[in-house]
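Heads up, the thing below is written out as structure tokens.
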Amino acid sequence: MNLPSPSKALATLPERIRHHALECVMCGICVPHCPTFALTQNEADGPRGRISLALGLSSGQLTADTPIVDHLDHCLSCLACESVCPSQVQYGSLIDDVRDALATGAFATTTDQPALPAAAQRHWAFLRNHLFSQRQAFGHLWSILSFLEYLRIGGFIRARGGRFGRTLPPELPDRFHPSQAKTRQPAANRHTARKKVGLFIGCTGESLNSDAVRASIRVLQALGYAVETPKAQVCCGAMHQHGGDSARAVQLRAENRQVFSDPELAAIIVIGSACTAELLREPHSIPVLEITEFLAGIPEADWPALQPNTARVAIHLPCSQTRVLKQPGSTERLLRKIPALTLLPLATNDRCCGAAGLHVLMYPEQADALRRPKLTEIDTLEPDFVVSANIGCATHIAAGLGVPVRHPVELVAWALD
């Protein structure tokens with residue numbers, strides 16, 4: 001594969017990486033918090049080691065060979081390290097810049113074909129750009145998979161479909177179409193009547209996350225909001241941002257700003273904590289809010305009566321919700337609106353589940369090893385439901401459990417009955 005020469009803008013990328021890497025004082029406080037270091041006990045698989053590698057690459061003391069790239073690329077971008085760093089090193093931005101530099105050939109190498117991050121390799125980049133980040137294309141594939149499930153050969157697909165087949169959830173929700181968002185009028189409510197919100201449904205909104213999309217629309221309408229789900233909305237850009245193509249991520253964020261520029265929108269409500277974090281990288285003229293945080297903040301007086309539910313609910317908290325959005329309590333605050341629920345936050349919520357966007361497909365052994373303690377804890381708790389505000393985490397955990405993992409808003413929608 002012939003890589004293009006770095007542009008003038010990219011020529012400063014190693015300098016920026018070096019600058020941020022030098023902010024690290026190498027104290028090591030972050031190391032025990034890193035989930036990948038915990039797996040291997042290898043310093044190069046921890047944040048301090050990865051910063052050292054990034055510094056060596058950016059200064060020309062190291063070359064971008066396969067072992068070095070592998071250590072850097074196994075990072076989950078979970079930001080456990082950044083959340084405890086006394087020097088406030090912007091590790092998340094640093095590792096994104098490193099992947100950009102690796103993907104564009106900005107580091108020195110001893111070969112004409114330098115090692116690439118997995119997401120920048122030809123087949124993964126193709127899948128990311130033409131399937132996983134394309135809501136409608138993924139939706140069409142979902143329709144085919146659902147038809148195969150109807151024919152009762154879904155088990156064959158899971159067994160013979162490689163890593164993608166094994167990652168599929170135990171139940172495939174019916175595909176959602178954006179036109180369904182306008183099938184019901186919002187309920188009358190003196191506090192929210194005539195308010196309109198835009199709903200960002202993400203790449204999985206017509207496939208994996210269809211049930212959460214339908215539930216979100218139903219709950220918002222029950223609260224008196226008119227819901228707009230623009231068909232022109234595109235991927236949030238997270239897969240590109242963390243996969244060595246931040247330039248494309250910037251373009252996608254700009255497209256979404258344009259799509260959701262209606263001045264009549266009271267807010268842009270996002271289904272998915274990771275998508276919310278990505279959209280918030282740049283300022284919007286309209287507030288951008290993750291749906292559990294938005295709903296949890298609506299006063300009790302504005303809610304219709306919710307039916308009691310005596311279920312035991314295990315709460316998984318995604319890294320994007322706790323460490324990027326810094327909203328670890330939003331799911332619990334929302335679910336407490338449902339009478340009689342027993343809420344069980346997982347003790348393992350301080351560690352990444354291993355999904356991490358495309359990592360679950362690119363590095364399945366690591367993803368499964370990181371998921372294992374959560375499955376053990378869930379088995380011990382024996383909950384009636386497991387919930388997560390991130391579809392990647394939910395799907396990864398559900399595939400291991402063999403039962404669905406719900407979005408919190410689905411339980412709220414059920415309580416409206």
Please table the atom pairs, donor to acceptor, closer than 3.5 Å between any side-chain atom in residues 84-92 and protein atoms at least two apart or in another chain.
residue, atom, partner, partner atom, Å
Gln90, NE2, Gln88, O, 3.2

Within-4.5 Å side-chain heavy-atom neighbours: Val387 and Glu410
no
Are the side chain of Asn390 and the backbone N or O of Cys393 linked by a donor-acceptor pair below 3.5 Å?
yes
Let me confirm one number: the CZ-CD distance from Arg248 to Gln251, rounded to the nearest 0.5 Å.
5.0 Å
Could you give me the CA-CA distance, side-chain angles and deciding distance for Ile338 and Val412, then say whether side chain to side chain contact (heavy atoms under 4.5 Å, CB included) is met?
CA-CA 7 Å; Ile338 303 174; Val412 178; 4.1 Å; yes
By the side chain to side chain donor-acceptor pair (under 3.5 Å) test, which pairs, at least two apart or in different chains, include something from residues 124-133?
Asn129-His240
I want to check something: taking the side chain as every heavy atom from C-beta on, are Gln134 and Cys235 in contact at a cut-off of under 4.5 Å?
no
Of all heavy-atom pairs between Ser77 and His242, which one has the smallest distance, and what is that distance?
OG-ND1, 4.3 Å
Please work out whether the ring planes of Phe385 and Trp414 are parallel, tilted or perpendicular, with thresholds of 30° and 60°.
tilted
Euclidean distance, Asp350 CG relative to His33 NE2, rounded to 0.5 Å
9.0 Å
Those residues at least two apart in sequence (or on a different chain) that pass side-chain contact (heavy atoms from CB on, under 4.5 Å) with Ala296 are Arg333, Leu334
Does the side chain of Leu306 come within less than 4.5 Å of Pro339's, by heavy atoms?
yes
Please name all residues satisfying side-chain contact (heavy atoms from CB on, under 4.5 Å) with Pro169, sequence neighbours left out, ordered by chain then number.
Trp142, Leu172, Leu208, Thr395
Tell me if the CD atom of Glu23 is crowded by more than 12 foreign heavy atoms within 6.0 Å.
yes
Stepwise side chain to side chain contact (heavy atoms under 4.5 Å, CB included) test for Leu346 and Leu381:
CA-CA 9 Å; Leu346 297 181; Leu381 291 174; 3.7 Å; yes
In a table with atom names and distances, give each donor-acceptor pair under 3.5 Å that connects a side chain of residues 265-276 to protein atoms at least two apart or in another chain.
residue, atom, partner, partner atom, Å
Ser273, OG, Ser320, OG, 2.7
Thr276, OG1, Gly272, O, 2.7

Evaluate Gln321 against Thr331 for side chain to side chain donor-acceptor pair (under 3.5 Å), listing each step before the verdict.
CA-CA 9 Å; Gln321 189 176 29; Thr331 292; 3.2 Å; yes
Applying side chain to side chain donor-acceptor pair (under 3.5 Å), can you list everything that pairs with Gln136, at least two apart in sequence or on another chain?
none
How far does CG of Leu279 sit from CG of Leu289, to the nearest 0.5 angstrom?
11.5 Å
Pair Glu377-Arg372, salt bridge (charged side-chain N to carboxylate O under 4.0 Å, His left out): steps then yes or no
CA-CA 9 Å; Glu377 182 181 4; Arg372 198 168 296 122; over 6 Å; no
Side-chain contact, heavy-atom cut-off 4.5 Å: Ile315 with Val386?
no
Please give me the minimum heavy-atom distance between Gln241 and Ser246, naming the atom from each residue.
OE1-CB, 3.8 Å
Tabulate below the donor-acceptor pairs under 3.5 Å that side-chain atoms of residues 352-365 make, not counting sequence neighbours, or state none.
residue, atom, partner, partner atom, Å
His359, NE2, Asp73, O, 2.9
His359, NE2, Cys75, O, 2.9
Tyr363, OH, Asp73, OD2, 2.5

Per the side chain to side chain donor-acceptor pair (under 3.5 Å) rule, what does the pair list look like for residues 59-70, sequence neighbours excluded?
none
I need the His396 NE2 to Leu401 CG distance, nearest 0.5 Å.
10.5 Å
Taking ring pair (Phe, Tyr, Trp, His ring centres under 6.0 Å) as the definition, give me every residue that meets it alongside Phe294, ordered by chain and number, with sequence neighbours left out.
Tyr225
So, for Thr292 and Ala389, which heavy atoms are closest and what is the spacing to 0.1 Å?
CG2-CB, 4.4 Å
Suppose the criterion is salt bridge (Lys or Arg N to Asp or Glu O under 4.0 Å): which pairs have a residue in residues 272-286, not counting sequence neighbours?
Asp96-Arg281, Arg253-Glu278, Arg253-Glu282, Arg257-Glu282, Glu278-Arg281
Taking the side chain from Lys195 and the backbone from Ala226, do they hold a donor-acceptor pair closer than 3.5 Å?
no
Within the structure provided, determine whether Leu62 and Ile68 are in side-chain contact (heavy-atom separation under 4.5 Å).
yes
Take Arg406 and Asp384, measure what salt bridge (charged side-chain N to carboxylate O under 4.0 Å, His left out) needs, and give me the verdict at the end.
CA-CA 11 Å; Arg406 305 293 183 182; Asp384 298 295; over 6 Å; no
For Ala64 against Leu57, the heavy-atom pair lying closest together:
N-CD2, 3.6 Å
Salt bridge (Lys or Arg N to Asp or Glu O under 4.0 Å) contacts in which one or both residues fall within residues 335-348, not counting sequence neighbours:
Glu300-Lys337, Glu332-Arg336
Would you confirm whether His284, through its side chain, and Ile286, through its main-chain N or O, come within 3.5 Å as a donor-acceptor pair?
no
For salt bridge (charged side-chain N to carboxylate O under 4.0 Å, His left out), just list the numbers for Asp262 and Lys196, CA-CA rounded to whole Å, side-chain angles, deciding distance to a tenth of an Å, and then say yes or no.
CA-CA 10 Å; Asp262 182 354; Lys196 181 168 65 172; 2.9 Å; yes
Within a strict 4.5 Å, meaning less than it, do heavy atoms of the Lys326 and Thr322 side chains meet?
no
Checking Gln233 side chain against Pro230 main chain: does a donor-acceptor pair fall under 3.5 Å?
yes
For the residue pair Pro117 and Val69, what are the closest heavy atoms and their distance?
N-CG1, 3.9 Å
Could you go step by step and tell me if Leu116 and Leu102 meet the side chain to side chain contact (heavy atoms under 4.5 Å, CB included) rule?
CA-CA 6 Å; Leu116 292 173; Leu102 289 168; 5.8 Å; no
Between Arg351 and Pro35, what is the shortest heavy-atom contact and its length?
NH1-CA, 3.9 Å
Reference residue Arg175; test side chain to side chain donor-acceptor pair (under 3.5 Å); the match among Ser207, Ser146, Ser143, Ser210
Ser143
Hey, is the main chain of Val234 close enough, under 3.5 Å, to the side chain of Asn256 for a donor-acceptor pair?
yes
According to salt bridge (Lys or Arg N to Asp or Glu O under 4.0 Å), does anything in residues 31-56 pair up with another residue at least two apart or in another chain? List the pairs.
Glu43-Arg48
Can you tell me how far the CD atom of Glu149 sits from the CD1 atom of Ile157, to the nearest 0.5 Å?
9.0 Å
Using side-chain heavy atoms (C-beta onward) and a distance below 4.5 Å, is Met26 in contact with Ile51?
yes
Is there side-chain contact between Val227 and Gln221, with heavy atoms separated by less than 4.5 Å?
yes
Kindly compute the distance separating CZ (Arg371) from CD1 (Ile378), expressed to the nearest 0.5 Å.
10.0 Å
